[in-house]
Amino acid sequence: ATTAFAVTTGGVSNSVTSATVSGSTVELTLTTTVKNDEAVTVAYTDPSVSDDANAIQDTEGNDVVDLAATSVTNNTPPTFTSAETNTAGTKVILTYNEALSATTASTSAFAVTTGGVNNSVTAATVSGSTVELTLTTTVKNDEAVTVAYTDPSGSNDANAIQDSAGNDATTLGSTSV
């Protein structure tokens with residue numbers, strides 16, 4: 001039962017709407033989306049005193065023990081939300097849903113086209129929740145612009161766009177700016 005769980009995000013109660021068990025993992029769906037900078041705790045209380053299907057159980061049918069409020073590692077990667085050019089046309093600015101680590105991917109991880117032609121990225125810098133890509137050629141007002149980003153590795157590392165917790169942003173396919 002979802003009421004057997006107590007979850008807080010940022011110190012505020014966050015109701016569990018569903019609980020799914022798969023092997024040794026319990027996945028909880030919450031009412032409110034967790035932000036990466038929020039502290040998360042979870043607690044579980046067996047809803048009955050006997051071994052029964054109302055509780056989370058092992059493969060033998062034994063109820064799992066209660067879990068006191070425990071901090072949870074937040075492994076949610078930053079999410080891309082938008083892209084735009086600056087007014088001078090010298091940069092493409094990628095915006096994410098949370099603050100990013102100051103260390104970011106190398107320029108080779110980004111592909112920008114303007115007017116259908118590759119436009120090399122000469123610098124990639126982070127400012128808050130944005131990644132600013134400096135372009136070789138200034139974008140003209142009527143040019144179509146696309147941007148793509150490739151996470152340079154399959155693991156969380158400092159060679160990628162990542163949040164302050166070290167979670168890498170996922171690869172971004174070619175996206176109109």
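The figures here come from the full heavy-atom set of this structure, side chains too, leaving out hydrogens, waters and symmetry mates.
- A donor atom on one side chain and an acceptor atom on the other are found under 3.5 Å apart for Thr41 and Thr8.
- Every side-chain hydrogen bond (donor to acceptor under 3.5 Å, both in side chains) that Asp58 has, sequence neighbours left out, goes to Asn62.
- Here the shortest heavy-atom pairing between Ala105 and Ala124 reads O-CB, 3.9 Å.
- Between Pro78 and Leu100 there is a side-chain heavy-atom pair separated by less than 4.5 Å.
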Give the C-alpha distance, both sets of side-chain angles, the deciding distance and a yes or no for side chain to side chain contact (heavy atoms under 4.5 Å, CB included) between Phe80 and Ile161.
-> CA-CA 10 Å; Phe80 169 79; Ile161 297 172; over 6 Å; no
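- Cluster annotation: Val26 is not connected to Val65 through the hydrophobic network of ILVMFWY side chains, with a link wherever side-chain heavy atoms come within less than 4.5 Å.
- Expressed to the nearest 0.5 Å, how far CG of Asp46 lies from CG of Asp51 amounts to 8.0 Å.
- For the atom pair CG of Asn156 and CG of Asp151, the computed distance is 8.0 Å after rounding to the nearest 0.5 Å.
- Closest heavy-atom contact between Tyr149 and Ala169: CE2-O, 4.0 Å.
- Ser50 places no side-chain N or O within 3.5 Å of a backbone atom of Asp52 that could act as its donor or acceptor partner.
- Checking side-chain atoms of Thr25 against main-chain N and O of Gly23 turns up no donor-acceptor pair under 3.5 Å.
- Hydrophobic cluster membership differs between Val121 and Ile93, with clusters built from Ile, Leu, Val, Met, Phe, Trp and Tyr side chains linked at under 4.5 angstrom.
- Here the shortest heavy-atom pairing between Pro47 and Ala4 reads CD-CB, 4.2 Å.
- For Thr31 (side chain) and Ser15 (main-chain N/O), a donor-acceptor pair under 3.5 Å exists by modelled atom type.
- Summarising the geometry of Gln162 relative to Asp168, their closest heavy-atom pair is NE2-OD1, 2.7 Å, with the distance given to 0.1 Å.
- Atoms CG and OG, from Leu133 and Ser120 in turn, are 12.0 Å apart once rounded to the nearest 0.5 Å.
- Interatomic distance, OG1 of Thr125 versus NZ of Lys91, reported as 5.5 Å (0.5 Å rounding).
- Judged purely by distance below 3.5 Å, without hydrogens or angles, the side chains of Asn14 and Thr9 pair a donor atom with an acceptor atom.
- Minimum heavy-atom separation, Val147 to Ala83: CG1-CB, 4.2 Å.
- The shortest non-hydrogen separation linking Pro152 to Ala160 is CD-CB, 4.0 Å.
- A donor-acceptor contact closer than 3.5 angstrom is absent between the side chains of Thr134 and Thr122.
- The only option from Val92, Thr90, Asn86, Thr85 that meets the side chain to side chain contact (heavy atoms under 4.5 Å, CB included) definition with Leu135 turns out to be Val92.
- When the side chains of ILVMFWY residues are joined at heavy-atom separations under 4.5 Å, either directly or via intervening members, Val72 and Ile56 end up in a single hydrophobic cluster.
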Could you give me the CA-CA distance, side-chain angles and deciding distance for Glu132 and Ser127, then say whether side chain to side chain contact (heavy atoms under 4.5 Å, CB included) is met?
-> CA-CA 7 Å; Glu132 298 180 4; Ser127 176; 4.1 Å; yes
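- Checking Gln57 against Asp63 by side-chain atom types alone, a donor-acceptor pair falls below 3.5 Å.
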Run the side chain to side chain contact (heavy atoms under 4.5 Å, CB included) check on Val145 and Val112 step by step: do they pass?
-> CA-CA 7 Å; Val145 179; Val112 176; 4.2 Å; yes
